[in-house]
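Worksheet: one structure, shown below.
Numbering of residues begins at 1 and proceeds along the displayed sequence. Atoms within a ligand are numbered from 1 in the order they appear, just like the ligands themselves. Reckoned from all heavy atoms, side chains included, excluding hydrogens, waters and symmetry mates.
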Amino acid sequence: MNADGRSRLNQTPEWTALAKHREELADTGLRDLFAGDPGRGSGYTLQVGDLYIDYSKHLVTDETLRLLRELAVATDVFGLRDAMFRGEKINTTEGRAVLHTALRAPRDAVVEVDGENVVPGVHAVLDRMAAFADRIRSGEWTGHTGRRIRNVVNVGIGGSDLGPAMAYEVLRAFTDRALTVRFVSNVDGADLHEAVHDLDPAETLFIVASKTFTTIETITNATSARDWLLSGLGGEEKAVAKHFVALSTNAGKVSEFGIDTANMFEFWDWVGGRYSFDSAIGLSLMIAVGPDRFREMLDGFHLVDEHFRTAPAEANAPLLLGLLGIWYGNFHDAQSHAVLPYSHYLSKFTAYLQQLDMESNGKSVDRDGNPVDWQTGPVVWGTPGTNGQHAYYQLIHQGTKLIPADFIGFAEPVGELSDELEAQHDLLMANFFAQTQALAFGKTPEEVRAEGVPEELVAHKTFRGNHPTTTILARELTPSVLGQLIALYEHKVFVQGAVWNIDSFDQWGVELGKVLAKRIEPALTEGAEVPGLDPSTTALVATYRTLRK
Ligand code: F6P
């Protein structure tokens, strides 16, 4: 029983009904499901904005989906959703509202936090960002020596890096190719070195992106970047004002660092780091693609926000995808979830989703602090599909693990390709469709034998099938479609956290390592003794010091 008197999740009748239903379906495979319902291929689909979502290749029936929706009702997923959209402080462990949806709300929307409408502030920052982006793109904003800015380096980590770095790759075809845009996140000095070694400081703008402006990796890299800039520009401190801007919620720390707050683009504590990319954190992307494209992307986000907020449960895509994940994670013992885009431009998309999903739902206590005795967030992984086919797909097809997967593909290639390269797109997509077919339906021993395969190889060449996949297909990978995709996953993660009764919006798990790193650093640099260090780490530190020149 929880503090609020509700039963624990896995003791509810809805959960028990799903467990029983799972047993009843144990011998039903995808071949059976398709044979029993000729309309399944087109019936188990949803259209949300530009996204055609096919969920027919899942190990579910109408009854499974009904029972899953009942679980969502019992756990009040839509109640929590409405509380989120209303600006209630649903991030209870940090006492914060969760309002990334306000970042893409239209100008005339009203979203209140503590009685104040936050939408005008959102648009004021977007307008300032747009004006700044235009000045950089037009060459009107010049560096300290009067040269135009040709290089933009975003310095940030986690949510202050992954979003813009991913989206810059996704929208490369829409970027101003005359600008060099790079992203530095790792405190490994090699990252900054590689990002700036061939750049001219007189033409380089650093965007220091940090919600808190206390993150050690970012502040360290930003300090080194400032040193690099000043040494390249004759050491004049006032150069910083023309070459550094900040994206943050913390004006005090920004000015302490030496960046004029006139050059700061703010956001707010109701924007979680991993949900911040469509806030000021997107400035590097906006400079690269221009304000109009950025706004198209925000409209795409908003479209799916509205869908999530208003669509009925049976047709609500984030709800459906969230519940399917619960079906596999909690009732089929799946431990991971693969996201496999068939687009070169989405090469960083899964890495972005890793933080979104794993930092949000990697929790093992419920909202009241009780240990959960049900599985929560999966390991999210994947890379662009055709490369994966020649690496790890073997395990998905014939290994011992059940790995549900999302396949994301497009009818049109992006940008201006030569005729030859354009024609390659059909081959790419033939692979896309072939894989979900093979995963779902496999190849029986009888089918293998019918091909004349010798008996001793039949087992090796058999594919058991029944590997569930969602297919997401859109016409083209545009800024709006990118926004739609991200919002779809944001809300999917929300649904799962709501059902599991965990706080998807804190990240206390990141803290311990940060604290310990600060304690250990003096031992590495000065040989200082670290009180309470365990014997294994003590020996490792000693060995490191011996090996270090
Ligand atoms: O990894 C922990 C974390 O707090 C993330 O949630 C966040 O995106 C990242 O660090 C960076 O934080 P900041 O933007 O405050 O530098």
Side-chain angles (χ1 to χ4, degrees), residues 90-100 103 125 129 153-168 183-188 191-192 206-226 244-259 261 264-285 348-363 377 379-380 486 489-490 493-494 497 502-518:
I90 63 164
N91 174 1
T92 48
T93 70
E94 295 181 312
R96 288 177 182 166
V98 174
L99 270 181
H100 41 280
L103 298 171
V125 173
M129 288 165 64
V153 181
N154 187 84
V155 180
I157 197 164
S160 299
D161 163 74
L162 288 163
M166 172 273 293
Y168 176 68
F183 297 85
V184 173
S185 55
N186 199 331
V187 77
D188 183 338
D191 199 2
L192 181 62
F206 288 96
I207 299 181
V208 186
S210 175
K211 178 177 169 180
T212 55
F213 232 77
T214 57
T215 304
I216 189 95
E217 292 89 339
T218 299
I219 301 307
T220 305
N221 274 328
T223 306
S224 300
R226 187 175 54 188
F244 272 79
V245 298
L247 320 174
S248 188
T249 60
N250 193 341
K253 288 282 175 194
V254 168
S255 64
E256 216 175 273
F257 179 84
I259 298 178
T261 47
M264 165 178 156
F265 298 86
E266 74 168 322
F267 58 111
W268 306 272
D269 75 354
W270 40 263
V271 182
R274 53 195 172 274
Y275 297 88
S276 66
F277 138 70
D278 44 4
S279 70
I281 291 295
L283 182 64
S284 51
L285 177 72
K348 292 187 173 170
F349 188 66
T350 310
Y352 172 77
L353 292 185
Q354 278 181 334
Q355 188 203 17
L356 175 66
D357 200 324
M358 294 170 77
E359 201 166 78
S360 295
N361 285 342
K363 311 287 163 64
V379 175
V380 175
I486 297 174
Y489 280 98
E490 284 178 347
V493 167
F494 175 93
I502 56 180
D503 187 335
S504 299
F505 300 100
D506 61 17
Q507 58 284 317
W508 300 108
V510 185
E511 293 306 311
L512 179 61
K514 283 191 198 170
V515 172
L516 292 180
K518 271 195 194 146

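Residues Ile157 and Thr215 have side chains in contact (heavy-atom distance under 4.5 Å, counting atoms from C-beta outward).
For Gln354, the side-chain hydrogen bond (donor to acceptor under 3.5 Å, both in side chains) test picks out no residue, with sequence neighbours left out. Taking the side chain to side chain contact (heavy atoms under 4.5 Å, CB included) definition, one finds that Thr350 meets it with Val339, Pro341, Val380, sequence neighbours left out.
Distance remark: protein heavy atom not present below 4.0 angstrom from atom 10 (O) of ligand 1.
Between Lys514 and ligand 1, a contact under 3.5 Å exists for no N or O pair. Distances between N or O atoms of Gly159 and those of ligand 1 include at least one value under 3.5 Å. Here's the thing with Gln355: one of its N/O atoms is less than 3.5 angstrom from an N/O atom of ligand 1.
Listed by number with element, the atoms of ligand 1 under 4.0 Å from a non-hydrogen atom of Ile157 are 9 (C), 11 (C).
For Glu217, the heavy-atom gap to ligand 1 stays at 4.0 angstrom or more.
In this structure, of Arg274, Lys211, Glu359, Gln507, the residue bringing a heavy atom nearest to atom 5 (C) of ligand 1 is Glu359.
Of all the heavy atoms of Val510, the ones lying under 4.0 Å from any atom of ligand 1 belong exclusively to the side chain.
Phe505 and Tyr275 have tilted rings, their planes meeting at an angle from 30° to 60° on a 0 to 90° scale.
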